[in-house]
Structure formats: structure tokens, C-alpha cells
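Note that the structure is a prediction, hence the values are computed from the model and not measured. We use all heavy atoms of the structure for the numbers below, so side chains are in, but hydrogens, waters and symmetry mates are not.
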Amino acid sequence: MTVTATPVREEAVPEPAAGRRLIDKVFKARELAVAAVLLVMLGATQLSNTEFLSEQGIKDLLLNATILVLVATGQAVVVITRNVDLSVGSVLGISAFAAGTYLQDGGSSLIAILLAVALGALFGALNGALVSLGKVPALVVTLGTLYIVRGIDSIWVGSQQITADDLPNGFVDFGHDGIWVVPYLALLALAVLAAVGYYLRSYRSGREMYALGSSPEAATLAGVPVRKRIMTAYVLCGALAGLAGALYLARFGNVDSATGSGYELTVVSAVVVGGVAFTGGSGSVYGAALGALLLTSINSVLPAIGVSSVWVTAINGILLLLAIAVDRILALRVAAVLRKQAAQLRSARHA
Amino acid sequence: MTHPEPETTPVLALEGVSKSFGAVRALRGVSLRLYAGEAHALAGENGAGKSTLIKALAGVHRPDTGTVLLDGEPVEFHGPADARDAGVAVIYQEPTLFPDLSVAENIFMGRQPRRALGRVDHASVRRATADLFARLGVDLDPDQPARGLSIADQQLVEIAKALSFDARVLIMDEPTAALTGSEVARLFGVVRTLREQGAAVLFISHRLEEIFQLCQRVTTLRDGAWIASEPLDGLTEDDLVRRMVGRDLAELYPKQDTRTGEVALSVRRLTREGVFTDVSFDVRRGEIVGLAGLVGAGRSEVARAVFGVDRFDGGEVEVLGTRLKPGAPSLAMAAGLALVPEDRRAQGLVMDMSIERNIGLTGFADTTRAGLMNRKAERSRSVDWAVRLQVKYARLGDVVGTLSGGNQQKVVLAKWLATAPQVLIVDEPTRGIDVGTKAEVHRLLSALAAEGVAVLMISSDLPEILGMADRVLVMHEGRLSAELTRAEATEESVMAAATGRTNQGSAA
Amino acid sequence: GGTTKDDAAKEGGTAAAGKADPNAETKKDLTVAFLPKQVNNPYFTTADNGGKKAVESLGSTYKEVGTSSGTDTAGQVSYVNTLTQQQADAIAVSAQDPGALCTALKQAMKNGVSVVTYDSDTKADCRQVFVSQASAEDLGRTQVQEMAKQIGGKGEIAILSAAQTATNQNTWIDFMKDELKKPEYKDIKLVKTAYGDDDAQKSFQQTQGLLQEHPKLAGIISPTTVGIKAAAQYLAGSKYKGKVKLTGLGTPNDMRAYVKNGTVEAFELWDPAKLGALAAHTAVALESGQITGQEGEKFKAGDLGEFTVGKDGVVSLGKPTVFSKSNIDDFDF
Amino acid sequence: MPELTKNSAVPELTKHSALARFGGAVRWDSAVGALLLVLLICSFSFVDNFGNALNLSFLIGNTLPIALIALPMTMLVISGEVDLSVGSTAGLSGAVMGALWNAGMAIETIIPICLLLGVVCGLVNGLLVTRLGLPSLAVTIGTMAAYRGIAQIVLGSDSVTDFPTQYLDFGAGRIGDTFIPYALFPFLVLLAIAVVVLHATPTGRSLFAIGASEEAARFSGIRVKRLKLSMFVTTGVLSALTGVFWALHYASARYDNATGLELSVIAAVLLGGIDFDGGKGTLGGAIAGVFLLGTLQNAMSLQNVSAQSQIVVTGVLLVISVLGPRIGRQVAQARARRRTAAAPPPQAAPST
Ligand SMILES: Nc1ncnc2c1ncn2[C@@H]1O[C@H](COP(=O)(O)OP(=O)(O)OP(=O)(O)O)[C@@H](O)[C@H]1O
Ligand SMILES: Nc1ncnc2c1ncn2[C@@H]1O[C@H](COP(=O)(O)OP(=O)(O)OP(=O)(O)O)[C@@H](O)[C@H]1O
Ligand SMILES: [Mg+2]
Ligand SMILES: [Mg+2]
């Protein structure tokens, strides 16, 4: 074969800026869509009920979201690596109880929180070990640990419960006080969110989690320490579930053996609504956090505008469907526009 | 056979390496030495063990026996990362990119330049990627996600990635299989520069002329066994083929003259916005029509739209007088159309299914009795075609993913030829297929045409197009830019049309 | 013409009833199984432990089985089946669903098992006796009276219930509404009934919603232990603390903190341990043949005194206790 | 054509591979089947009251809802999708059944209406997945809430129990004093149909192909979307049927019937060796998984194992179900590697 060494393709990178900005927009659009839905919803509610965004109202909204935001953040990291952790609800429950038991015996609040985080991280490590060492489907393994941890929790807890009376006042106050309308819990969640988001974006190991989720084989070939990263993701997720457990205790002042059961579906919903794909490698923790905020806000909005709680479940589900459908349609539209623009650009360049 | 080798220690070498996959012994006691400043070719039929050898070098597979030597010292690579750290860069046969990440991230994953506190410096990742692409003459946006890149573009990204290592050893497993001449030339230019700077290069290709262009020495494998290592100087293509196949080969492009009949495939003003525009052509019974063009010209997209896997926005397609419904491959199949897609891993095969089941996927109409599968019919249909195309396999029930690249391609062909199509569209039918089988495929296509099948052949291998086609259509930027008769079609005329340097229009 | 509701109604059911012998000897070495709505639920654990004490004091064997979810009706059914299989002598069950357990319970009774429901009833023909924690009427009315006292007889109030399907809740709520019709409550307006599904978070958010939707809300009645606890926790951490009154049914241990910090003035409950004990005595009395579940039959229930079976086979524990700052420390359950 | 260029070493190798096959690849679904058998034998011999007909009929009757939904769920999962809304669909179907019954409609009319409702539920799921290209996990989490919510609106706090006795008897009764519930027969028929469809028809083949590689399936002319849609519809119908059965079996139609059923079905199906990534598994395995869990629960309850411990056992079983085959494979591979390493080293050292 003779080589016709004509430089067919023009010099590279002539106008990447324009293209990049557009692509950036596409990616951001996912989060934007959720944010837009959220704002519209909150705005509309405020119009029909002026109490809704009162000082107390905003505080409540933020407080409600805190725990879900934390767990969803951890879950998003795991999902980005193309895995899933269904055991978060159970881990949350058992960590909350552990922290409560410790506080009941007169422990310090800070250590109680650390204890919950450590216990969560421990279960995260167990999940991570099972998933990464055995290279087995995360869904099954964590469904298994969901049952196991819940079982251990109920055997341990039995019919005991931690009530507000057992907790030091400082801890309970920490659960609802804050700076002006921003509760301490929300600040904490925000800090965690920002840290995890920054880590995923700006550190090699964070980027490697995306790589790993995007294509596990390619990641192995690229020398990504797959097991280590999966382990990190699970430990992080577990630790955040543990932290969420401690905050749950502070917030609700009450923990029993059923605490956190069924929570996994809410968390998974938040992550999905936030645009983190279950096929791994895409989405962001910010999206997941927005998803969490959206979901918890729906639960506050409906009672606030006087929707009978009989309707809540149905409306919840339909809104969830709407959110993902709108997001999807938007993404398709943008992709189509992009395709046409690319074609125009190409023909313009070669004309 | 004894041939002088350089006196220096090889940078990277294999000594007596064997590797088995269950029953299959992919390598048996193979040795290979790579020297600094030398480009070494690896030749062999499909399934000879080339890719396996490379994976042994790169630490993907641990050899069952034998050793890997780095600078003369035995080393044990525990994974690709070890090999990479030792200065070995590999381009694997199948592109392995992260579809969700940007092209730039794909190239620098795990090695991104960092700023203070270990943070990734995104800007310099982007800049370095742009520089690499400029060096290769590639027109890709570093921020573009890898998803949606054509196979060729993916291959180019892989090449850029390998180059970015500034490695001491550059290993390339069929990097050119999806590329057209100009990209290959650019690549070879860059590789030569690297070699002159002292890198050792290992190169695999089934295009023998490329081996002669780029390399100094060649190692031949047959059935996993080492056959020869020798300088290319003084060797002819025929010599090389004989070493690979163990016998002489017939003519490479055996196009028989056939009588062309009625129009079998008729495409009118086919348009898919942003991809291709106003494409019209006919293919007659007994005719092989070549569809040429540069990578990304839109040939595959046209084929897919015609077959119905993609929708089109305007125009019409007729097969043997039946107008096809857009977006309905099953109807197209019923009308007698078959498409051998370009990406065998994603589109051609269900990699986790057996050879038998893969071939069977297109034949439910023939292999069911009263709505139930007839295992025997399914099996005999599959065996028949696997044997006719010389697929090299241990058992028909083996998972297709364990076959060598070329043999996978044969299974795709078998799957579609088994439907006895009236109109056959083949997209890069011989990508990754060895010379011997390539001739076989060409003979087969000729024979099909002679039987009255209409063949549309898309290929980036220009000699293949020129050798096989009765007529050549050329695409440029999503439009048909020329239609050339066999007599008119030359390398110059096709390239001119493909790069848009003519305004010939479609001369019918 | 197919089978419709009217056809089915004609079939009717039959309740087997033998003859009671009030002087029959109390049998020993019976197996009495408690099947609460949910195991590990502190309320039921207290109740069942009361039952356990009573069963053991009567010289029989106690056992407890049950599902770990309060809405797993299918699970509860299979526990009834299992107990039938194991030939338990008597079952005391708190039904998750008035209808779902029927087939299984009838099957059990056919196999000679005595069936008592406690806390939450099934349909009357599916058990022999229902041991009620207090008459539903008392509970419903006293909660309204307590609320009226706390808000000074006027203002908007709301109810925070458990699941929409909870039978006992709904009965109490009906009596509350009935009580509110009385002229002395003409200034009190029930503005809404919300459902928190006995889930802490949901009840929490429902409380928020009530307060946002009805800014002038003066009080909330929550006739469920989970609901009142969640509502109290929300009020305690909000600006409504002490301003919006809260009463209902709660356990002293749950509510102690809120009573002490002024979020809650008073609430009520029966003693679950006594409820369990009464259920145990009733079950043993049934199995011993001292009663059969007919109206008017009398039996002795140890320290609890003598009880009479009322209409529809209902035995009632008595009036609920009201807990406030002054007496809460006297209780531990 | 030249003769088939099979590897010259084939005869010698097939012997090896037969061995390897025997040792390494005991299929997981057979393993679950064997486990079920062992469990049954143990329960019959050691668990009091397990073997009597009444208990067995309870066991089967209580497991049937899960088994029924497991049929289409297996196919759906094999084709790479999942439906979490099955429990809610069943609940909705039961709620509608109750509401219509209360309204005085004939049950013979109600049941077809419920099944039709199942079609609609399945269509909604399927259309959202295939037309909009949304992930089924997300879609069905949404419809799970939506259907349950609608059920709540339809029936509110009612609980309908007065269905006609002959229907209730069919739902809960058994044939004479045998262990066979009436409802077992329709299930066996459905099971047979499902096995044939999945393992012996082009449709089944296509489902496997779609699950393993949707794109390759599309390029093979398989009508991916249509097949997926029909799988969702089937799942909807069978879930609705399960809802009807549930209401009759437990003689109670409530909006929260069958809550959490999806998790039980999925756990059982996973235990039966169905790969959630699609493309792998057998119906036999799935059904064995369903009955393994059912039997285990029944036996443990009879042995007075507490609910909490039962949960732990279920979880451990699930974890083992995925770790077990994996570890087995690794052991087999290690053994094979040792064997090849022990074999005489191949000749043909290269000359230089
Ligand atoms: N992972 C695997 N499992 C089982 N068999 C394998 C595996 N990888 C390769 N093989 C077998 O090893 C042999 C050598 O394959 P290899 O990919 O090295 O061939 P190749 O020379 O690269 O061929 P091609 O030119 O077609 O790419 C083939 O018979 C193939 O089927
Ligand atoms: N799956 C896809 N999604 C988005 N864009 C694509 C996809 N596949 C190809 N493209 C783009 O569409 C254009 C036409 O590609 P196509 O594959 O049809 O070209 P081709 O002429 O067949 O070249 P090739 O030799 O690579 O097959 C290119 O710009 C390519 O990058
Ligand atoms: Mg190869
Ligand atoms: Mg192409």
C-alpha cells in the first residue's frame, strides 16, 4: 500500500474552546436540570404558602436533606465505580445505635460521632473486601450485607431503644441548632460534600474511580489499582453512612432496631435522580446531593401545600419519573444540537 | 536458521515462554528479543499467539513457563502497571478506552501532571494532549468524551496514549487495522523518530507491506510456536507468508469477472442530519461495489442506516424492489440484506456467548421447528460456516470472546453469510484478518458475487478496494464525492475524491 | 352473572362456641405463644414481657415469635401457620391486618388452638376474645379532653396518626371526631389528619407540614407512640416548642425528655405490661375452658382482678393513665 | 475449501478440558438445586412438623407469590433489565380488586380487569425504558412509588376481606389432605411455559443475547425494544396476577399488600445464579433459589429461629451464592495451572 502522506486532517485544536464550553454545558446540564426543578418547586410552594420559606421552613428543609445528602454522597462515589452499596440503611441504623449506646453511658459527643464513622467504615471495608477481592456483583453482595447487618443490629438492639432522654443536651442541640437559618448538620454535610467532590475532581485517585467505573478492563490495563479504589469507595460510603447514623441520632433523638431500614431505595433514588449513571463513570456527588435535596424537599412541599398524605406516595413517584425523564429528554436534545453543530463546523472548515 | 543479532543486550526479551488458556495452548516455548533502536515485526496467522505474546510482555498474562527479561535481568510483571513503570508502552489490539472520560483524561489516566497538594493539573493535561495530537496530525478535541469515537479515532487515541509515555519499548498490536493511508503514514513517521531516539518497537500487522516499511527484523509464529526470527532485509512477502502459513498462497485479490444483473440495492437521497447527506447509489446483482473514503467520512453510518440499525431523516432504500422501513433491521434481513458491521466486539458479536450461539443468532427462521429451537439444525448450520471460513476453535461451544481477533472476525462473517443474503454489505470485512484468510474472504466474496449476490464493500484498505471492486464509490464529509469504474479507480483518483480535492460529482 | 359482593354476603360465617365452665381448673403446662405486630418494638416487648410473667406464673410456657417489620402481613400469616403446626395451645396475636390473618387463625382454631387478639384486633369471627388496651371510646375521648385542657378550649388542632390502614388508630380517631362534636368544643377545629406511617422521619416531616400549612395550629394529637415521639422531637428543636401543644399516646421513657424540657405537658397510655398480662390470662382461661368468648362470661386474671367479656368478645383493660411532669418518673417502660 | 484448520493439538486437549469442565464448572444453578434437595432431606428428617401435608402446603402457598413473579423477573434480568415495581403492581392490582368488589362488580369481571391493569403498569415501565432510553432501575423505583401511591388512593385505608368463599378456598386451600395447594397447578403451567420460552425458543435466545450485548443483538436483527417491552408487560401481568392471588390467599385486599416483595424476588433470583449484568442464568436456578429461601424460612421458623437470625442467614446465603462459585473457579484454575506447570516443558527452544 502506498502511503499518500497528505495531511488530511487540519492542525489540531483550532477552536476547542467553543466546543469545550458546549460539552461542559451538556455535563453540567444534568445537575442544572435537577436544580431547576428544585427551584421551581420551592418557588411555587412559597407562592401558595408563605410560611414555607420562613426561617424555620428553610432550616427544616436543610435539616431534612442533611442525612440523605451524606449517604447519597457516599453512594454516588460507589456508583461512580460501577458498584452499588445497598447496605447503607442497615449500616446507618447500627452506627446510630452504637453511638447512642456510647452516649447513653455518658460518653462525649465527638467520640460518639467518630465511633459511628469508624463502625460505618468497618462495614464499608467488609463490603469493599467482598466485592473487590471476590470480584463479585456488588448488588448481590451488598443485598446480602444489608440483611446481615440488619440482622446483627436487631439481635444486638433487641427491643432496646435510645431516646432523647439518654442523650446529652449538647448533642441533641447540635441536632437542631445552627447559624441563622443554616443548621450545623447542614454545614457539616456541605463540607463533606465539597471535600468529596473536590477529591473526585482533582485527585488522581478520584479520577481513577471514574475511569474504573467507565471501563474496568481499560482501568486494569491502564494500571489503575482497581481493588484499592473500590475499597476506598466502599470505606468512604460506609463511613458516610456511619456519620449519617450519628447525625440521625442527634436529629431524631431516637434509635431502635428498625432505624434506617428501607433507606437504601431512597438513597438509590436520590443518586439516580441526581444523574449518576448506574453503568458507572459518570455523574457527580453534587448531582447526587441535589437529588437528595429534591427528594426530601418533595416530602416537605406536599404537606406544606396541604396535599393529603394519601397522595404523597403517588406524587412522589410521579415526580421522580418526571425528573429523570426531563433530564433525559434534555440530554437527548443537547446531543442532537451538538451533532448538528459539529457537522456544520466540519463542513465550514472544509469548505 | 541462524541470523546475526545485535551484540547488545536486548531491552526486553522473552525466553521460552508458554501460556495456556484451559485447553488452548496459545504459546509454546516462544522467545523474542527487542533491541533499542530497532523495529521488530511479529507475524503470524490469526490465532497464532501474537496478542497473547504481547500480553505476556506487558504483564497482563503471567506466563506458565519461561521468563521475561528486562535489560537482560529476569523480571516478573504483576500487572500492566509494573510493565508501564518499567518503560513498556502497549497499544492493545482492541482499543480500551474509558467511554465516559475525555480523550485527554484517557491518555493521562493515573499519570496526570499535578499541582501543589497533589491536585491534578487539568489545564496541562489538556495542553499535553493537544500537543500529542498535533504531533500525530489528529483532529480531535482533547475534551471530547471517548464515547462515540469511531474505531479509527479510538485507535488514534490509543496511539497518542502510548506515545505519551516516551517509553523505551513501544508495543503495537495491529494499530493500523482501522486506519487509512494518511494516518498510517503519520504514525510511521512518529514511530521512526522514536526508534531513532533509541526506543525498541514491536509491531504487529496483517498488512505485510507495512511490516516491510517500518521494521528491520521479524519474528514469525505459527500455532503458538516460534518459527523464525530474522532480518527483513532480503526477505520477500512470499517468504514471510510461507513462514506464517507453512505453504504458498494464491493470488490475493482474485476478482472474477461476473455478469451484472438487475439492481438489487437501491439507495436514494439518503440523509441523516449531521452525519451524511443526499447519498444515492445502486448495487446490482453480481457486482462488488467498493465504498471508499477517509476515516469518519460516514461510510459506516450509511451502511447502518441502510440496514436499519440507525434511523435516517430522509431518502429511501430498496432491496430487490422492496422498500425498506427505516429503523427495522429484521425487515431488512427478511428482504435479503445482510450487514457485517465494522466493530466486531460491540456490534458483530455477543462476546459472552458461544461461537455456535453467535452464528445462530441470525438463523432463527431456519433453525426453529414449530416455534422451538432445533438444536441439531442450529449446530449443523454453525459448524458448516465455521468450517467453511476456517475459524480456528477448540469447541463450538467455546465463548467467542476467547478467540483471537481474526477468528472473531471470521465468526461475524459466518454469522451473516449463513443467512444466504441477496445483498451483502461488508464493513471492513478483513480488518485484523491474516493474509491467508484474507485471500479466502476475497475469494468468497467473489464467489458470492458470481452467484448473483450484490456486494457493497466498505474498506479503508485501498488496495483491497481497488483489487476487488467493480465500481468504487467515494465518500467525503458525509457526501458521495465520486463514482469510479474499475478502470478509472486508481489510488490517486480515489484519494483525490476522498480528500475532496476533486469536484467530479457523481459520474454514473 | 358473576359472583358479586351481594352473593358473598349471603353465605355468612359461623363462629364455633362451646359451653363455658367458669369453675374449670386452670390448666398448666400449656404453650402460650405471643405474636406481636412487630418483634423488637419496645412497646410490644414490654407488653409481651408482661404476658410472659403471667404465663409463667400460671405454670405454662411462654414463647414469642413475629416479624421484624410491622407491615409484613404475609410474614405474620406464616407465623400463625407455624404455630398451628407446632401445636401451640394458645396464641395471643396483635394483628397487622383485620382480615389477612383470618384464614390462618380459623385454621388454628379448627386445630384446637385458642386465639386471643390484643392491642389490635381482627374481625370478630377470627378470634375468640379481643383484649383491648382500654376501650376505644375512652381513649379517643380522653385525648380530646386532654388537648382541650391544654389549649384552653379553643384553636385549630390536627391529628398525626400512624398508617392510614391502622384499625385501632382509625377507631380512636372516629371517637375523637365524635367527642369534638360536643358543644363545649365548638371553638376547637380539627383541621387535618396526617399519616406518618409509624416512621420517625415521615412523622417528623408530616409534623413540619402541619405547622407550615396551618400556622395558627394550637395543638397536635398523635395517638401513636412513634408519631408523638417524632412530633415532640421536631417541636423541641423548632420555634414552636411550648407554643404548640402536643398530646396523644406515648410511653413514659420515650417522652420523659420532652416532658421535662417543656415541649409536652401531658400524654396518656395504658400500661402495656398489664395488657400483655391480661392477654395471657385470657388465653389460659380460654384454653382451660373457663370462658369461650361469649358476652357476659367472667374470669379471674391474677393480680389484675376479675374481668367480664363484653360485646363481640372484647375484654377491656380499663382507663388509660395520664402522664405528666408530676408522675412520669414513677414509670419505667 | 481446505480442511478445517483446527489446532493440531486438539485431541490431546479435549481430554484435559473434559476434566477441567468436570472439576471447575459445576454450574451454580445445579448447586442451588442440590442445596435445595439437601435442605429438604434434612428438614424432613430433623424438623418436627415439617413433613406433614398441611405445613408443606403452607410452605408452597406462601412461596408462590415470589415464585410467580420470579418467572418473568428472571427473563427480565437475563435481558439486562430489572423491575422493582412488581410488589407495587401486585398491591395496586389487589387494591383495585378490593375497590371494584366493594363497588359490587362480579369477581369474574374484576380479575381480567386487574390483569389488564398489569398490562398497563408493564407498558408504562416498558415504554419509559425502551422509548426514552431510561435505566429500568430508575424508572421502576419511580413507578414502585407511583403504583403504590395510586393503590393507596384507590382503596385508602380499607381492607377488603369478604371475597367469595370458593375463590378464597382456591387461593388458600389445598387438594384434600394432600400438600398440594390448588394454586400450584396454574403455577406449574406458567413455569413450563416460561422454561420453554426462555430455553427453547428464539425469543429466549434473543433475551440472552440482548442481556449480554444489546448492541450486538440489534445488529443481528433482533427487535430489542419490542422484546424488552413485551417482557415488561409480561412482568406487569404476572405481578397483577400475583396481586389477585395474594388478596385471595391472605383473604385481604389492602393497598400495602405485597410490600417489599420485589426485594424477596430479587434476592431469590440472585441466589439462583441469575447474573444481574444480564445474559446469564437459568429458570431452574431461579426457581430453586426461590424455594430454597422459602424452605429455609419455613424450617427455621419451625425450629424457633428468630426473625432476626433468619435475616442474617438469608444474607449470608446471598453472599455465599456469589462468593462460592467464584472461589470454586479460582481453586479449579489454580489446580489446572499446577497441572500444566507439572507437565513436561514444551520443546522447540528458539535458535539464535
Ligand atoms: N483469554 C483467553 N481465553 C482462552 N483462550 C484464549 C484467550 N486469549 C487467547 N486465547 C486463544 O489463544 C490463541 C492465540 O490468540 P491470540 O489472540 O494471541 O492470537 P493472535 O495471534 O493475536 O491472532 P489475531 O491475528 O487474530 O489477533 C487463540 O487460539 C485464542 O483462541
Ligand atoms: N457511535 C457514534 N456516535 C457518535 N458519532 C459517531 C459514532 N460513530 C461514528 N461517529 C462519527 O460519525 C462520523 C462518521 O463515522 P463513520 O464511522 O460512519 O465513518 P467511516 O467513514 O465509516 O469511517 P471508519 O473508517 O472509521 O469506519 C465520524 O465523525 C465519527 O466520529
Ligand atoms: Mg491478536
Ligand atoms: Mg467505518
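For a residue to count as touching a neighbouring chain, one of its non-hydrogen atoms must lie under 4.5 Å from one of that chain's; by this rule Ala277(A) does not touch chain B. Of the two parts of Gln112(B), the backbone and the side chain both hold a non-hydrogen atom closer than 4.5 Å to a non-hydrogen atom of chain A. Contacts between Tyr198(A) and chain B at a heavy-atom distance below 4.5 Å involve the side chain alone, from C-beta outward. There is no contact between Phe108(B) and chain A, counting heavy-atom distances below 4.5 Å. Only the side chain of Arg272(B) comes within contact range of chain A, with at least one heavy atom under 4.5 Å from a heavy atom of that chain. Both the backbone and the side chain of Leu117(B) have a heavy atom closer than 4.5 Å to some heavy atom of chain A. Contact of Arg119(B) with chain A is made through backbone and side chain together, with heavy-atom distances under 4.5 Å.
Put simply, of Arg114(B), Arg84(B), Arg115(B), the one with the most heavy-atom pairs under 4.5 Å next to chain A is Arg114(B). In terms of heavy-atom pairs under 4.5 angstrom with chain B, the leader among Ser214(A), Ala222(A), Gly223(A), Ser205(A) is Ser214(A). Between chain A and the options Gly110(B), Gly59(B), Ala81(B), heavy-atom pairs under 4.5 Å are most frequent for Gly110(B).
Of the residues Gln93(B), Glu94(B), His61(B), the one that meets the side chain to side chain donor-acceptor pair (under 3.5 Å) test with Ser51(B) is Gln93(B).
Taking the ring centre of Phe165(B) as origin, the terminal cationic atom of Arg111(B) falls inside the region bounded by 6.0 Å and 45° from the ring axis.
Separation of atoms OG1 (Thr129(B)) and NZ (Lys161(B)) is listed at 11.5 Å; rounding is to 0.5 Å. Arg135(B) CZ to Leu187(B) CG: the interatomic distance, rounded to the nearest 0.5 Å, is 11.0 Å.
A 6.0 Å sphere centred on CZ of Arg192(B) holds more than 12 heavy atoms belonging to other residues, nucleotides or ligands.
Taking the side chain as every heavy atom from C-beta outward, Phe133(B) and Asp141(B) never approach each other to under 4.5 Å.
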I'd like to know whether Lys438(B) forms a salt bridge (Lys or Arg N to Asp or Glu O under 4.0 Å) with Asp461(B), so could you lay out the CA-CA distance, the side-chain angles of the two residues, the decisive distance to 0.1 Å, and finally the verdict. CA-CA 12 Å; Lys438(B) 201 171 192 171; Asp461(B) 192 358; 3.2 Å; yes
